[in-house]
*Asks:* 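Right, I'll just put the structure down here and ask away after.
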Amino acid sequence: MQPQYQPAAIEQQVQQEWADKKSFRAVDASHKPKYYCLSMFPYPSGKLHMGHVRNYTIGDVLSRYYRMRGYNVLQPMGWDAFGLPAENAAMANNVPPAKWTYDNIAYMKKQLKSLGFAIDWERELATCRPDYYRWNQWLFLRMLEKRLAYKKTGTVNWDPVDQTVLANEQVIDGRGWRTGALVEKREIPMYYLAITRYAEELLSSLDRLPGWPERVKTMQANWIGKSFGVRLAFPYVLGGKAGKLWVFTTRADTIMGVTFVAVAAEHALAAEAARRNPKLAEFVEECKRGGVQEAEIATQEKKGMPTGIFVEHPLTGENIEVWVGNYVLMSYGEGAVMGVPGHDERDFAFAKKYGLRIKQVIDVEGRPYSLDAWQPWYADYGVCVNSARYDGMPYQQSVDMIAADLKAKGLGEKQVTWRLRDWGISRQRYWGCPIPIVHCDSCGDVPVPDDQLPVVLPEDCVPDGSGNPLNKRPDFLNTACPKCGKPAKRETDTMDTFVDSSWYFLRFACADQHERMVDERVNYWLPVDQYIGGIEHAILHLLYSRFWTKVMRDFGLVKLDEPFTRLLTQGMVLNEIFFRKTDGGRAQYFNPADVEVQFDDQGKRKAAVLKEDGKPLESGGIGTMSKSKNNGVDPQALIDQYGADTARLFVMFASPPEQTLEWSDDGVEGASRFLRRLWLFAAGRGKDNTKFNLSSAFISITDWSSQPSAIRDFRRGIHLSLKQASYDYERMQYNTVVSACMKMLNLLEGFSGGQGLGSVNAVSQASSEALDILLRVLYPVTPHITCVLWKELGYGADIIDAPWPAVDEAALVQDEIDLVLQVNGKLRGNIRVARTADRAAIERLAVENPNAQKHIAGQTVKKVVVVPGRLVNIVV
RNA sequence: GCCGGGAUGGCGGAACUGGUAGACGCACGGGACUCAAAAUCCCGCGGUGGCGACACCAUGGGGGUUCGAUUCCCCCUCCCGGCACCA
């Protein structure tokens, strides 16, 4: 064995061996139980970033652990290969998105392999390949047949200079990112998937996902947003014609407090009023300026303008004026809301601003009400007041009666409303899956017949920022109508990339199936037993995937209700941010690798200077690794310098998977140091050069109870750590798994030089057993080094198929245990009692303890709390 | 703005179901080895007071429940994720 740890050499050798033996090929049937471990597939952006390293290491640790536990494990990998960044790169470098994407995939695949992940590469897929996306098209056509896919208009960001649709990301402070032009909202026809038809099931089946984090389920439930309320109408007569203005409210109990009604700028009544009032028309246009992002709309200043149109209160008949409000969303409810300034904070502010009437109609346990300032309890549930026949009624009773009264007049009824909207999938972009529709002057929108699928995207286009290049490709655009055969045009919109990622986990089960979308193997491997990915996907990707799976189930393609049994949402990877203000006042960011941090004697930070010029930098705190803050760390440099095992060990040790992870160069050094120590110890060169016979796993001692206590203490420490690590593997807290391994090595090193240990043979055997356990516990995290040591020391043929070590419960038993002694909950010492001591004996020992006596002195003991095996608390 | 989450020594974090706050690691200080440095090893390391035994304070801030709260409840502050066309 090499005396020194040389990661580069052993990692390459071990990876080659795995590749040659196809060690991680998943078989589609087995007597073992299956385990499908999936990490969210990467977007091929160029090279791996730390978030990828973290994500795939978590998945790999899990996969290897489950294999040791006797499962038939599948861990596949693919590429979420369509998307906007490829088009941006294409424009910047004048290279087709396809070439850029395929080059990135090749490079990143090499990087993934160098990290030693136990991936079955035979199932690799890329969503930009026609043999993948043809099935997007195929299923879209099936959904069209069932009217689960349909066409309607939708709102997009429009850049009036480039004459192109912008993604939200491309709108910066309300302007187009390339042109700087003020962005406008524009209505265009789009295809939608009717996810709202599954709203009820998507919500209710969250309860059947015990393996999902509560926070993710809460977020999804709120996103779906089922609310029980009343849909009601305000009748009006306009230009001699009668009409009804519909609104939805969850607070029908406040209906007697309505003093105005507000509609969205896109509402029909707003358009009607604008035709007769140029000032209002201007305001409606103003509302249409700016982007479509909800965060932007919700934080902008609340503005409104009266329309001069009056409607009739459905219960009192009172005249109520209609306003146009820039905060009313056309996409939620009816695009109109009733204004109750007395009991809605937003309406209160609006009424104050425009001098509208504010009326109290709810009383909350007699709490004071004044029109001067908003108070939080104004919005609470209470009892109706100033509400005629509803006075004195609590919430539910008043809503029931109001709904009944409205219904009697034909002006409303109870209704369930969802926040969830149907999924618009049309994108006016090139690098995506073509929507398989042909537009014919005679026949209209005609679906492409199945036998003409896939509609293949030409891969040689280079976008230029002005619209979709497919519109400039006659060979793609011009086709024959599938129905009548006359010349027709292809749809040039492509699908949202969330479509691609909504079912890739199914395709991994049968990536070589080219006749069908999926085959019966999908029912063997699915559902995914453990899905791992960033918390930023908690809503959209996961919700779309759940929806898509249910649609495929209803089409008879899969037999599962939910795609992911367990979900782990990993935290983001953060690093420090350093910058200097430039002359223009803008921040110039410097990569932490180029920064030297200086400390004072206490180890507190003094200053940070740029290595290049030695001058100080400002700290921008800690933030997610990003290009804009220039605080990313290239994993390749880390792997090249320290090896994959160190990289993996660091990301697992630095924080638990669900929390954010802070980058630390010193932490990496520490991880590397541990592996060097492990290697030196195993190579028989421990700290004092004591050389044990570790070359054999043959252990002849079966009864350790007669061994000296030093040996029994040592084994107890090892088995306690093993027990801890086993527990932590199950709950996926890998940082403490690593900690347990470090404790084991500390014990081993301390043990090798001790005295009074009995026979050298027994010490050697206990050490051998401990190292055997340590290597197996550590293996999923750092597979290369443990693989080599395991083989070199003769523990077995191949650690990848070694079983998980068993805890020797007998080793954990102590004859005497230490209990914590408290008086009034304060720590006052320890008492040592026999393992078998009963409660009375413990209480007596505790009260008699001199330390306890000191604090009891002169007071009466009220009671004694004994927590078995833990503590005694004397209450005086 | 709305929804969700987080905050523990100089730093990353640990503490399992309410039971010794600070495991493990990093940084830092002292020492050994060395001509010297690196590497390695040993010791120390939350704060205040005390020679010491020990006492008191301390888990973002304020309040509550409990024999006992980092853990449960209420209020507040700051930070992070998402908001439907970034993926």
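Each chain gets a letter, A, B and so on, in the order the sequences are listed, and its residues count up from 1.
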*Asks:* Mind calculating the distance between CD (A:Glu669) and P (B:U40) to the nearest angstrom?
*Replies:* 7 Å
*Asks:* Hey, can you pull the donor-acceptor pairs under 3.5 Å for the side chains in residues 866-876 of chain A, sequence neighbours left out?
*Replies:*
{"residue": "A:Asn873", "atom": "OD1", "partner": "A:Asn824", "partner atom": "N", "Å": "3.3"}
{"residue": "A:Asn873", "atom": "OD1", "partner": "A:Gly825", "partner atom": "N", "Å": "2.9"}

*Asks:* Need one value for A:Ser672: base, sugar-phosphate or nothing, where a base atom within 4.0 Å counts as base even if backbone is also close, heavy atoms only.
*Replies:* nothing
*Asks:* Strictly below 4.0 Å, heavy-atom distances to any atom of RNA chain B: list the hits from residues 290-301 of chain A, or just say none.
*Replies:* A:Gln293, A:Glu294, A:Ala295, A:Ala298, A:Thr299
*Asks:* Ignoring hydrogens, what is the shortest heavy-atom contact between A:Ile718 and A:Leu747? Give both atom names and the distance.
*Replies:* N-CD1, 3.8 Å
*Asks:* Nearest to the A:Thr497 side chain among B:A87, B:C3, B:C83, which nucleotide is it?
*Replies:* B:A87
*Asks:* Would you indicate what A:Val171 reaches in the nucleic acid, counting non-hydrogen atoms under 4.0 angstrom: base, sugar-phosphate, or nothing?
*Replies:* nothing
*Asks:* Nearest of B:C86, B:C26, B:A87 to any side-chain atom of A:Asp666?
*Replies:* B:C26
*Asks:* Are A:Glu843 and A:Lys863 close enough for a salt bridge, meaning some N to O gap below 4.0 Å?
*Replies:* no
*Asks:* By the 4.0 Å heavy-atom rule, please label A:Lys826 as base, sugar-phosphate, or nothing.
*Replies:* sugar-phosphate
*Asks:* Can you find a heavy atom in the side chain of A:Val156 that is under 4.5 Å from one in the side chain of A:Val292?
*Replies:* no
*Asks:* Counting just side-chain N and O atoms, does A:Arg673 come under 4.0 Å of either OP1 or OP2 of B:C26?
*Replies:* yes
*Asks:* Determine all donor-acceptor pairs shorter than 3.5 Å in which one atom belongs to a side chain in residues 649-661 of chain A; sequence neighbours excluded.
*Replies:*
{"residue": "A:Ser655", "atom": "OG", "partner": "A:Arg54", "partner atom": "NH2", "Å": "3.2"}
{"residue": "A:Ser655", "atom": "OG", "partner": "A:Thr660", "partner atom": "O", "Å": "3.0"}
{"residue": "A:Glu658", "atom": "OE1", "partner": "A:Thr569", "partner atom": "OG1", "Å": "3.1"}

*Asks:* When all nucleic acid strands are considered with a 4.0 Å heavy-atom cut-off, which category describes A:Met495: base, sugar-phosphate, or nothing?
*Replies:* nothing
*Asks:* Does A:Arg346 put a side-chain nitrogen or oxygen below 4.0 Å from OP1 or OP2 of B:C2?
*Replies:* no
*Asks:* Quick one: is A:Asn746 getting a side-chain N or O under 4.0 Å of the B:G25 phosphate, OP1 or OP2?
*Replies:* yes
*Asks:* Can you check the A:Glu536 CD to B:G81 P distance for me, whole Å?
*Replies:* 10 Å
*Asks:* Does this structure show an ion pair linking A:Asp162 with A:Arg178, if we count only N-O contacts that are shorter than 4.0 Å?
*Replies:* yes
*Asks:* Give each protein N/O atom lying under 3.5 Å from an N/O atom of nucleotides 62-69 of chain B, with the pair distance.
*Replies:*
{"residue": "B:C67", "atom": "O2", "partner": "A:Asn873", "partner atom": "ND2", "Å": "2.3"}

*Asks:* Please name the residue in the list A:Phe498, A:Trp503, A:Tyr504 that meets the ring-ring contact (aromatic ring centres under 6.0 Å, His included) test with A:Tyr544.
*Replies:* A:Phe498
*Asks:* Do the ring planes of A:Trp423 and A:Trp548 sit parallel (below 30°), tilted (30 to 60°) or perpendicular (above 60°)?
*Replies:* perpendicular
*Asks:* In whole Å, I'd like the distance from the CD1 atom of A:Ile535 to the C1' atom of B:A87.
*Replies:* 15 Å
*Asks:* Base, sugar-phosphate alone, or nothing: which one does A:Leu84 contact when heavy atoms must sit under 4.0 Å apart?
*Replies:* sugar-phosphate
*Asks:* Once side chain to side chain donor-acceptor pair (under 3.5 Å) is applied, do any residues pair with A:Gln724, and if so which ones, sequence neighbours excluded?
*Replies:* A:Asp728
*Asks:* Taking only residues two or more places apart in sequence or in another chain, which ones pass salt bridge (Lys or Arg N to Asp or Glu O under 4.0 Å) with A:Lys854?
*Replies:* none
*Asks:* Would you indicate what A:Trp423 reaches in the nucleic acid, counting non-hydrogen atoms under 4.0 angstrom: base, sugar-phosphate, or nothing?
*Replies:* nothing
*Asks:* Checking contacts here: which listed nucleotide (B:A84, B:G82, B:G4) is nearest the side-chain heavy atoms of A:Asn222?
*Replies:* B:G4
*Asks:* Heavy-atom contacts under 4.0 Å between residues 212-219 of chain A and RNA chain B, which residues?
*Replies:* A:Arg215, A:Thr218, A:Met219
*Asks:* Counting only pairs under 3.5 Å, give me each side-chain donor-acceptor contact of residues 219-226 of chain A, with atom names and distances, residues two or more places apart or in other chains.
*Replies:*
{"residue": "A:Gln220", "atom": "OE1", "partner": "A:Arg546", "partner atom": "NH1", "Å": "2.8"}
{"residue": "A:Gln220", "atom": "NE2", "partner": "A:Ala538", "partner atom": "O", "Å": "3.0"}
{"residue": "A:Asn222", "atom": "ND2", "partner": "A:Thr218", "partner atom": "O", "Å": "3.4"}
{"residue": "A:Lys226", "atom": "NZ", "partner": "A:Glu200", "partner atom": "OE1", "Å": "3.3"}
{"residue": "A:Lys226", "atom": "NZ", "partner": "A:Glu200", "partner atom": "OE2", "Å": "2.7"}

*Asks:* In dot-bracket notation, what is the pairing pattern of RNA chain B, taking Watson-Crick (N1-N3 plus N6-O4 or O6-N4) and G-U wobble (N1-O2 and O6-N3) contacts under 3.5 Å, with [ ] crossing and | for other strands?
*Replies:* (((((((..(((......[....))).(((((.......))))).((((....))))..(((((..]....))))))))))))....
*Asks:* Take nucleotides 49-55 of chain B nucleotide by nucleotide from the 5' end and write B, S or -, depending on whether a protein heavy atom sits under 4.0 Å from the base, only from the sugar-phosphate, or from neither.
*Replies:* ------S
*Asks:* Would you list the protein and nucleotides 43-45 of chain B atom pairs, both N or O, that sit under 3.5 Å from each other?
*Replies:*
none

*Asks:* Side chain to side chain donor-acceptor pair (under 3.5 Å) with A:Gln428: which of A:Thr164, A:Asn468, A:Asp493?
*Replies:* A:Asp493
*Asks:* Students often mix this up, so state it plainly: with edges at 30° and 60°, are the rings of A:Tyr56 and A:His52 parallel, tilted or perpendicular?
*Replies:* parallel
*Asks:* Taking any heavy-atom pair under 4.0 Å as a contact, classify A:Phe674: base, sugar-phosphate, or nothing.
*Replies:* nothing
*Asks:* At under 4.0 Å between heavy atoms, what does A:His541 touch on the DNA or RNA strands: base, sugar-phosphate, or nothing?
*Replies:* nothing
*Asks:* What pairs of nitrogen or oxygen atoms, one from the protein and one from nucleotides 13-18 of chain B, lie under 3.5 Å apart?
*Replies:*
{"residue": "B:G13", "atom": "O3'", "partner": "A:Asn735", "partner atom": "ND2", "Å": "3.2"}
{"residue": "B:A14", "atom": "OP1", "partner": "A:Asn735", "partner atom": "ND2", "Å": "3.0"}
{"residue": "B:A15", "atom": "OP1", "partner": "A:Arg731", "partner atom": "NH2", "Å": "2.6"}
{"residue": "B:A15", "atom": "OP1", "partner": "A:Gln733", "partner atom": "NE2", "Å": "3.1"}

*Asks:* Using whole Å, what does the distance between atom P of nucleotide B:A87 and atom OH of A:Tyr544 come to?
*Replies:* 12 Å
